[in-house]
Amino acid sequence: MPDQQYDLINQFLRGAINRRTFIRKAVGLGLAAPVVASTLAMLPRNAFAQDSALPSPSAPREDGTPAPDDQQVLKMVTPSPFRMDPPTYGGDLWQLQMMVYQALTRMTLDETIGPGVADTWESNADATVWTFHLNPNAKFSDDTPITADDVIWSWSWIANPNSKSTAPDTFKGVVGYDDVKSGAAELMSGMKAIDANTLEITTADPYPAMPALASVFYGCVLKKDNVMSGGEEWWRAPVTSGIYKVTEYTPGDQATMTLERNENWWRDPSKLAKIEFSLVADPQTQLVQFDNGEISGMVCQPAEFGQATKEGGQRADALFWGYAAATWYFGFFCEKAPFDDANVRQAFAQAVDLNVVSAAVLNGIYPPEPRILPAQFCGGDQQYAPTFDVEAAKASLAASKYGSAEGVGKVTILISEQGGATALGTWAKVGQAMGQMIQDNLGITVDLVRKVFASVPEQLAEARAIDGGAIFRLSFGASMPDPSYIYNIVQSESSGNATQYKNPEVDDLLAQAGAEPDPDKRCALYDQIDQIVSKDAIFLAPFRGTSTWFFQPNVRGLKIVNQRIWNAIDQVYIAQ
């Protein structure tokens, strides 16, 4: 170890510098994350005063004079191969899909539900029958009208096994879902076209969150003939229902896709005339292109975030970021030993100092998450999840049915990094740091396996097949602006329940909350769910999501709505 690194460690242990200063200098000197974690673990969390937290999220950029229309072109990069099929989306492709397909409702700039394909909606007294009134001018990009029958087919297609949907149970509350799922029917019987522009939806139980559910991109309106006649790759020439249409797609390792204004869009048109996407998997190549002015924007990675958030730091003027209603996490596979025991899960979570991991490895870009639900969705900042406490971790392990490190046996962290919101290799470094902490604090050796998984089911199959316990990395976000999105994550039989966590009490509370019409009572139920699930420690390391970007100075009108820049894409423009 170089003398500078030794000196830094000694300064910290003598109390000459605080934790955050130590972390910052350690990163600059290239001190390995496990060494940083081990050094910090030698002193209590509150040994020295902490430096200030992250800077505030970006303020809106000043308005400018829009450039001529032929210059209203946004050039972006994506690390994920193109696949414009909402049922089978992957990577960060929902960003593109939200721009070319439209659901019945959509998120507004103030993060409430507003008109999409539908202008208005209402329900009966107990919220079991919902009526949506479609805009009579709503059209597909091929100039054909969007009707109630198109919505019925699109929602039913998600439940149809032939769609190969990654979330087939999105609309399971609609009457007739089971018949479509089993193949007994093509369309859900609970959806009825009163006329071309009036849709009636009947649910088996009260569903007050239906307008929010109607905004999810799984429910985007597709054109049946386009989907069914184009085979598995129909999306290469999609007929779209959203603000943009696809005018060019070139496949391959350097794939490109061009979106242009949909002249048949029935609401206010986008200020951007065109958005050009290029497939660029390597973040460093993206940075070179951005610095050379070849692209308008890109995702900001942890290393660059740490620099850009410093006063006068590199690309500080280009950074645009905010918190997102999303969770990046390492989760326990609860289906088999040893993580079928909540005490073991708690022990592992208590053995890891997430503040250190966030600061030392992630440069603070993803802070630790104290609970699942964010403030805007019946949540807050209460600390429900287990916190770093080595003695408590040892006690939790001793209280488990496995009793000791020897009883726990082999544990593997599966790292799948095929590109997306975070640079390749970042989550492997997080896994290494956490593995070192677990070994130091509990005496349990954790193996790290890096492998690309094409889907969550494939990753779960690997977790079942490997010897011993499994931990894996995934993420989830508020797919709709309502706390009921948590259902998809923790309900026992949900297709989105990657951890395979099963708790009948939570299932009952989810059913009660989903049907409760009173907002305060709903929030109380979801808060209770959050407390139970957080205490049960289904996540080893939950991090609060952020939406972090670099945009050129002439890109204006940016706003992060919920967790996405793209929810406000119609406001973005190029200034002179």
Side-chain angles (χ1 to χ4, degrees), residues 84-88 97-98 100-106 113 115-124 128-165 167-204 207 210-231 234-235 237-243 245-246 262 264-267:
M84 303 297 288
D85 179 13
T88 62
Q97 293 171 12
M98 291 177 64
V100 299
Y101 300 114
Q102 181 57 58
L104 274 175
T105 61
R106 63 173 177 164
I113 290 298
V117 171
D119 284 338
T120 60
W121 48 89
E122 70 273 349
S123 74
N124 64 350
T128 57
V129 180
W130 286 86
T131 304
F132 288 84
H133 304 279
L134 278 58
N135 187 299
N137 298 316
K139 291 183 178 182
F140 288 107
S141 57
D142 65 355
D143 199 32
T144 57
I146 298 176
T147 68
D149 285 329
D150 293 312
V151 181
I152 293 171
W153 184 83
S154 298
W155 282 32
S156 298
W157 179 240
I158 293 292
N160 191 320
N162 293 326
S163 74
K164 299 180 181 178
S165 171
D169 51 357
T170 299
F171 304 114
K172 68 177 300 180
V174 177
V175 171
Y177 162 82
D178 289 332
D179 289 337
V180 174
K181 179 184 177 182
S182 67
E186 179 189 13
L187 304 176
M188 290 190 284
S189 59
M191 301 186 74
K192 186 180 300 183
I194 305 302
D195 57 44
N197 298 318
T198 309
L199 171 66
E200 185 180 273
I201 302 174
T202 302
T203 57
Y207 201 94
M210 179 59 74
L213 179 66
S215 72
V216 300
F217 60 85
Y218 283 117
C220 288
V221 183
L222 307 177
K223 188 167 185 179
K224 178 181 178 181
D225 292 347
N226 180 224
V227 175
M228 301 308 290
S229 64
W234 65 271
W235 52 268
V239 175
T240 66
S241 55
I243 196 168
K245 62 182 180 180
V246 179
N262 177 7
N264 292 301
W265 176 247
W266 56 96
R267 303 197 185 279

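Not measured: the values here are computed from a predicted model.
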Sequence-distant partners of Trp157, ring pair (Phe, Tyr, Trp, His ring centres under 6.0 Å), two or more places apart: Trp153
Main-chain N/O of [Y] paired to [X] side chain as donor or acceptor, under 3.5 Å:
X: Arg267; Y: Ile243; result: no
X: Arg106; Y: Pro115; result: yes
X: Trp130; Y: Tyr207; result: yes
X: Asn264; Y: Ser141; result: yes
X: Ser215; Y: Thr105; result: no

Considering only heavy atoms from C-beta outward, does the side chain of Glu200 approach that of Val129 to under 4.5 Å? yes
Contact check, side chains of Asn262 and Val100, non-hydrogen atoms, under 4.5 Å: no
Going by side-chain contact (heavy atoms from CB on, under 4.5 Å), Val174 matches just one of Ile201, Thr202, Val180. Which one? Ile201
Of all heavy-atom pairs linking Val216 and Ala103, the shortest is O-CB, 3.8 Å
Do any pairs count as a ring-ring contact (aromatic ring centres under 6.0 Å, His included) and have a residue in residues 171-196, sequence neighbours left out, and if so which ones? Trp155-Phe171
Strictly by modelled atom types, are Asp195 and Thr198 linked by a side-chain donor-acceptor pair under 3.5 Å? yes
Consider only side-chain N and O atoms of Thr128 and Asn124, and report whether a donor and an acceptor are under 3.5 Å apart. yes
Per the salt bridge (Lys or Arg N to Asp or Glu O under 4.0 Å) rule, what does the pair list look like for residues 135-150, sequence neighbours excluded? Lys139-Asp143, Asp142-Lys223
Mind checking the CE-CG spacing from Met188 to Asp178? Nearest 0.5 Å is all I need. 10.5 Å
